[in-house]
Amino acid sequence: FMSCNTEKKIKSLWFIIGIFVLGGIIGLLFSFGVAVGVEKTSGDKFCTMCHTMQPMANSYYRDAHGGNNNNGVRAKCVDCHLPHDSLANYLFEKAKTGLHDVRVQNFGDLESIDWEDKRKHAKRFVFDSGCMNCHTNLQNATSSNTKAFIAHKEYFEKRTDKKCVECHKNVGHHILGDYIKK
């Protein structure tokens with residue numbers, strides 16, 4: 001028969017084990033909730049809910065990246081507009097951008113947004129790591145095409161600070177300027 005002290009130690013041990021199991025379950029549920037939330041807020045259906053995003057949505061649907069291609073492949077908004085260099089950076093930028101957009105949408109002067117001017121700064125909100133996440137074989141693919149290889153040579157040799165979107169100005173949004181003017 002156990003002493004009172006041993007019984008207390010066993011209860012304490014079970015309590016600690018219970019806390020860890022409960023913490024693990026809560027952690028898994030939280031992680032699952034975050035993953036579902038990130039997924040639900042990553043595509044065009046969510047990103048274009050706001051009226052101010054309609055020109056970008058219309059031009060995106062006309063673009064090869066928006067599914068207007070022979071394969072039907074479609075990039076999600078976050079494939080281009082969030083960094084893919086690390087999960088932490090991805091989630092941080094998603095939260096920062098999302099909070100900014102909610103603030104501007106609800107409290108900003110939407111009529112004063114100069115979308116054409118914003119296009120000049122596309123390198124701030126289109127990430128090369130997103131481009132390279134899908135175009136993983138770009139360096140090998142361009143090596144057999146002299147014109148494409150020469151155009152990308154400095155980029156692959158890391159002798160330029162230029163971002164993909166600085167040369168590929170209309171990537172992701174076919175004739176965006178025309179949709180913005182409407």
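Sequential numbering from 1 along the given sequence is applied to the chain's residues.
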Task: Q105 side chain to T52 side chain, donor-acceptor N/O pair below 3.5 angstrom - done: yes
Task: Cluster link F92 to V38, ILVMFWY, side chain under 4.5 Å - done: no
Open item on the list: Can you see whether T41 engages K94 through a side-chain donor-acceptor pair at a distance of less than 3.5 angstrom?
Closed with: yes
Open item on the list: With a 6.0 Å cut-off on the ring centroids, do H65 and Y60 count as close?
Closed with: no
Open item on the list: Are Y179 and W115 connected into the same hydrophobic cluster when the rule is that any two of I, L, V, M, F, W, Y join if their side-chain heavy atoms are below 4.5 Å apart?
Closed with: no
TODO: Start with the C-alpha distance between Y155 and C164, add both sets of side-chain angles, then the distance that settles side-chain contact (heavy atoms from CB on, under 4.5 Å), and finish with yes or no.
DONE: CA-CA 9 Å; Y155 182 82; C164 299; 4.0 Å; yes
- [ ] Give the C-alpha distance, both sets of side-chain angles, the deciding distance and a yes or no for side-chain hydrogen bond (donor to acceptor under 3.5 Å, both in side chains) between D44 and Y61.
- [x] CA-CA 9 Å; D44 58 292; Y61 294 131; 2.6 Å; yes
Task: Under the side-chain hydrogen bond (donor to acceptor under 3.5 Å, both in side chains) test, residues paired with R103 that sit two or more places apart - done: none
TODO: Could you tell me how the ring of H168 sits relative to the ring of H152: parallel (under 30°), tilted (30 to 60°) or perpendicular (over 60°)?
DONE: parallel
- [ ] Please determine if K76 and E39 form a salt bridge, counting it only when a charged side-chain N lies under 4.0 Å from a carboxylate O.
- [x] yes
TODO: Measure the shortest side-chain to side-chain distance between Y90 and V78 over non-hydrogen atoms and say whether it is less than 4.5 angstrom.
DONE: yes
Open item on the list: Side chains of N170 and I175, heavy atoms from C-beta outward: is any pair under 4.5 Å?
Closed with: no
TODO: Test R119 against E116 for salt bridge (charged side-chain N to carboxylate O under 4.0 Å, His left out), laying out the working first.
DONE: CA-CA 5 Å; R119 292 181 71 200; E116 277 299 333; 3.5 Å; yes
Open item on the list: Within the 4.5 Å heavy-atom criterion, are E157 and E154 side-chain neighbours or not?
Closed with: no
TODO: Indicate whether the side chain of H84 and that of S129 have a donor and an acceptor atom separated by less than 3.5 Å.
DONE: no
Task: Any donor-acceptor N/O pair, D63 side chain to G172 backbone, under 3.5 Å - done: yes
Task: side-chain contact (heavy atoms from CB on, under 4.5 Å) evaluation trace for V104 with I113 - done: CA-CA 10 Å; V104 170; I113 297 173; 4.2 Å; yes
- [ ] Go through the structure and list residues passing side-chain hydrogen bond (donor to acceptor under 3.5 Å, both in side chains) with N145, not counting sequence neighbours.
- [x] none
Could you pull out every donor-acceptor pair under 3.5 Å between side chains of residues 18-31 and any protein atom, sequence neighbours left out?
from : atom 1 : to  : atom 2 : distance (Å)
S31  : OG     : G27 : O      : 2.9

Task: Main-chain N/O of M56 paired to S59 side chain as donor or acceptor, under 3.5 Å - done: yes
